[in-house]
2 protein chains.
Amino acid sequence: MTGQRRVVARVLSEASDHPDVEELYRRAARLDARISIATVYRTVRLLEERGILERRDFGGGRARYEATEHGHHYHLIDIDTGKVIEFQEPEHQRLLRAVAERLGFDLVSLRLELFGRRRSPAMAEPRRAAGRADAEPAEPVAAEPVAAELVRPAR
Amino acid sequence: MTGQRRVVARVLSEASDHPDVEELYRRAARLDARISIATVYRTVRLLEERGILERRDFGGGRARYEATEHGHHYHLIDIDTGKVIEFQEPEHQRLLRAVAERLGFDLVSLRLELFGRRRSPAMAEPRRAAGRADAEPAEPVAAEPVAAELVRPAR
DNA sequence: GTAATTGCAAATAATTTGCCGTGCA
DNA sequence: TGCACGGCAAATTATTTGCAATTAC
């Protein structure tokens, strides 16, 4: 059973990035104008249920998709630009599987995402500007640690 | 500046699980009935921006929250029950930081979630039921790997 | 007193669905 | 011919926001 679903599948196969549904729809419509976004949603869901696609959440509200690969790779997201970099780390797979087993589970899938900021080679150690260790006498605000944070100056 | 925000903060401090906004609202309302869910959303966003809370996505549509800990732990989600188990793995932190650096980034935060299924000690190797290797002659469906998957019987 | 915060209801945004028409098998 | 599939628009769900009233400091 197929129709314009083939088009969506094709777009997915050709994608080497991590498109969201909106983007998939745009690409699919370019190949066949009589595709509706509902179909894209339906197809994508179907494929995800069958384990052929994986849904990702890189922040920014919309789900993004990529074809399941059985040699796993992970993602590093540049928090300033939103750009996604893939990397491999096959050792992890094994390590994490072992962790799951130790807890009594079979590992079905996993999610590993790093969020980072591009290193400016200029400044050697940007770590926490130094000083600023005794800014406020820290008024007592109930014994609630989270509440306490609400009282400090915004950033 | 605070008000019923203190209540939300308190609920958050006391939570040892990973409540979603709905649940936070329920708990907060128990302590002070004149809190609206909009306030919970606002407070939670505020705290997330300040880095005091972390938003999690364990599947199931709603965001879930937990207080930021600087000794990181990770999550294993039971895909059958939705139950979340925390585990530690301090070695990882370092390892992943190194990975990021190698790619030219400072690691700002990371997300590591395992999705697993409780092991039934009964059946030794549930792996893929055996047999069933030659179900269909695999009709040619364009050269699209994703499309090909759409043709196989559902599960 | 002044600015920040809240409640409420309405607005958004992403995703799903009902229904009915259409095309594939 | 039957039934899965697609289009459209309406429905749902999570979250955000405008605005006037309220509260904190």
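To the nearest angstrom, P of D:dA14 lies 13 Å from CZ of B:Arg64. Remark: C1' of D:dT15 and CZ of B:Arg55 are 9 Å apart, rounded to the nearest angstrom. Rounding to whole angstrom units, CZ of residue B:Arg6 and C1' of C:dT6 are separated by 15 Å. As rounded to whole Å, 8 Å separates atom P of C:dT15 from atom CG of A:Asp20. Atom pair B:Leu47:CG and C:dT5:P shows a separation of 12 Å (rounding to whole Å applied). Atom OH of B:Tyr25 and atom P of D:dT16 are 17 Å apart (whole Å). Atom CZ of B:Arg5 and atom P of C:dA3 are 17 Å apart (whole Å). Residue B:Glu22 contributes atom CD, which lies 14 Å from atom C1' of D:dT12 at whole-angstrom precision.
Remark: B:Tyr41 is in phosphate contact with D:dT15, judged by side-chain N or O atoms under 4.0 Å from OP1 or OP2.
The side-chain heavy atoms of A:Val84 and A:Arg56, taken from C-beta on, include no pair separated by under 4.5 Å.
Across all strands, B:Arg45 comes closer than 4.0 Å only to sugar-phosphate atoms, never to a base (heavy-atom distances). A:Ile35 comes within contact range of the sugar-phosphate backbone alone, with a heavy-atom separation under 4.0 Å but no base atom that close.
Of the candidate nucleotides D:dT15, C:dC8, D:dC8, D:dT15 has the atom lying nearest to any side-chain atom of B:Val21. Nearest to the side-chain atoms of B:Thr39 among the listed nucleotides D:dT15, C:dC8, C:dT6 stands C:dT6.
Here A:Glu86 contributes atom CD and A:Glu66 contributes atom CD; the two are 5.5 Å apart, rounded to the nearest 0.5 Å.
Under the 4.5 Å side-chain contact rule for hydrophobic residues, B:Phe115 and A:Leu112 do not share a cluster.
When each of B:Arg62 and A:Arg42 is assigned the nucleotide of DNA chain D with its nearest heavy atom, A:Arg42 is the one assigned upstream, toward the 5' end.
Using a cut-off of 4.0 Å between Lys/Arg side-chain N and Asp/Glu carboxylate O, B:Asp32 and B:Arg34 are scored as salt-bridged.
Using modelled atom types and a 3.5 Å distance limit, the side chains of A:Gln93 and A:Tyr74 yield a donor-acceptor pair.
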